[in-house]
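The figures here come from the full heavy-atom set of this structure, side chains too, leaving out hydrogens, waters and symmetry mates.
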Amino acid sequence: MNRIKIALAQNGTFIALLVMIIFFASMNPRFLSLANGQTILLQIAELGIIALPLAFLVMSGTLDLSVGSVASLSAVVSAMVMIETNSALWGFAAAIVVGVITGALNGLLVAYLKLNPLVITLGFLSVWGGLALFLTQGSTLVGFPDSFKALGTMTVGPVPLQIIILAVGVFLAWYVLNRNSLGRNVLAIGGNPRAAHLMGIRVPRTIFSLFVATGVAAAISGTLLAAKLQSAPPTVGNGMEIQALTVVLLGGVALEGGMGRITGVVSGLLFVGVLRNGLVIMGVSQFLQTILIGATLVVAVLLDGSVQRLLKKSWTTLDVKKTPKSDNAKTEVAA
């Protein structure tokens, strides 16, 4: 019975996603159209690019709340460089540098100096967001090279480039977690950092690398958003950190670390995308959408705690059942 409960809890987001699709389709038949499906994937592409490496960070027992501001700062710096040089390549290079620097700074303070990741990344959320506003004086940057403008509408066959990048990211994340030693190391660190260290895993270096990867992903996401919008507002990434964390937790990644699946993260990403798209089709205001996304995060945290308690209870029960009766008798005699 416990195994059934665990299966339902771990796949609850996927089941809820199917129910939600049926509901929105019954409200509006065009919800199930191929064009709307492509629209949903386009809307969540940049969010997914951030959520995938963030999921690894959470699996390792830490998190990064500055990714939205990193996306904004990267978009602004990239835009400024492109406007000056008229080169999309130099703009992308500048964005990557911003992602590496911000991620490395987070990693240095959290992984090596052992500072609280919640406090550090929450502080940098304000720092990078404020820097983006300072550099632009609050104005939106425009006037990009034609090559960069084309990036926002580029397709490979019938498939938009952003969707292809997201698909490649999903495959790489799945491969690393399931077929690479880094994935095993991340789960081991999240489960028990001291035990992981005794096993020979370089815990600080691994966490540092995850922060850098998350920073680079945020930079790429912000730059792609600027290309899609054909402009670079200094607030382009605002709120992405909450949405990305919602996706990760809805995907069944344990907030305390040590557990997670990429398929679950994809389910969480689709859940958020379908919810936002369905609410738009139904004419729900953007303000109410924000409220519902926040409520979804609260529900995700509550579900995460319930699943963890259920798993621990199940493991305890299994351990008791596996204990030989003779060993129990010996223990009682020794007592």
Side-chain angles (χ1 to χ4, degrees), residues 33-52 67-99 102 128-169 215-244 269 272-273 276-277 279-281 285-287 289-290 293:
S33 66
L34 183 61
N36 191 55
Q38 181 171 289
T39 298
I40 293 174
L41 292 177
L42 270 174
Q43 289 174 339
I44 62 176
E46 291 81 12
L47 178 61
I49 291 170
I50 290 180
L52 289 169
V67 287
S69 292
V70 172
S72 296
L73 180 61
S74 300
V76 164
V77 171
S78 175
M80 294 176 70
V81 171
M82 280 188 282
I83 292 170
E84 288 294 324
T85 64
N86 199 38
S87 169
L89 183 61
W90 280 112
F92 260 108
I96 297 300
V97 170
V98 171
T102 55
W128 306 136
L131 184 56
L133 288 168
F134 174 77
L135 290 174
T136 61
Q137 294 299 299
S139 61
T140 297
L141 300 179
V142 294
F144 303 139
D146 292 337
S147 57
F148 184 71
K149 291 180 180 178
L151 181 65
T153 57
M154 186 181 297
T155 61
V156 179
V159 185
L161 179 63
Q162 292 93 331
I163 296 178
I164 293 176
I165 294 174
L166 175 61
V168 170
V216 170
I220 293 172
S221 178
T223 309
L224 289 176
L225 267 175
K228 182 188 292 185
L229 298 172
Q230 303 288 295
S231 62
T235 57
V236 68
N238 281 16
M240 292 190 75
E241 62 283 336
I242 299 299
Q243 296 181 46
L269 180 63
V272 171
R276 289 166 54 184
N277 180 266
L279 292 175
V280 169
I281 288 178
S285 72
Q286 184 176 357
F287 305 111
Q289 293 178 41
T290 303
I293 292 294

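- Inter-residue side-chain proximity for Q43 and Q38 is flagged as unmet; no heavy-atom pair is nearer than 4.5 Å.
- For the atom pair CG (N36) and CD1 (I40), the distance works out to 4.5 Å, reported to the nearest 0.5 Å.
- Within the 4.5 Å cutoff, the side chain of N238 has heavy atoms near those of the S72 side chain.
- Rounding to the nearest 0.5 Å gives a distance of 9.0 Å between OG of S69 and CG of L133.
- At least one side-chain heavy atom of M80 sits less than 4.5 Å from a side-chain heavy atom of L141.
- Side-chain contact between M82 and S87: absent, with no pair of heavy atoms (C-beta onward) separated by less than 4.5 Å.
- Counting only heavy atoms from C-beta outward, the side chains of M240 and V67 never approach each other to under 4.5 Å.
- Without hydrogens or angle criteria, S221 side chain to A217 main chain gives no donor-acceptor distance under 3.5 Å.
- Between V76 and V236 there is no side-chain heavy-atom pair separated by less than 4.5 Å.
- Annotation: side chain of V272 is not in contact with side chain of I44 (no heavy-atom distance under 4.5 Å).
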Indicate every side-chain donor-acceptor pair of residues 145-155 with a distance under 3.5 Å to a residue at least two apart or in another chain.
| unit_1 | atom_1 | unit_2 | atom_2 | d |
| --- | --- | --- | --- | --- |
| T153 | OG1 | A150 | O | 3.3 |
| T155 | OG1 | G157 | O | 3.1 |

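- The structure places CD of Q162 at 8.0 Å from CD1 of I49, a figure rounded to the nearest 0.5 Å.
- The 12-atom threshold is not exceeded at CD of E84, counting heavy atoms of other residues, nucleotides or ligands nearer than 6.0 Å.
- A 4.5 Å side-chain heavy-atom check between T223 and K228 finds every atom pair outside the cut-off.
- Checked by atom type and distance alone, the side chain of S74 never pairs as donor or acceptor with a backbone atom of A71 at under 3.5 Å.
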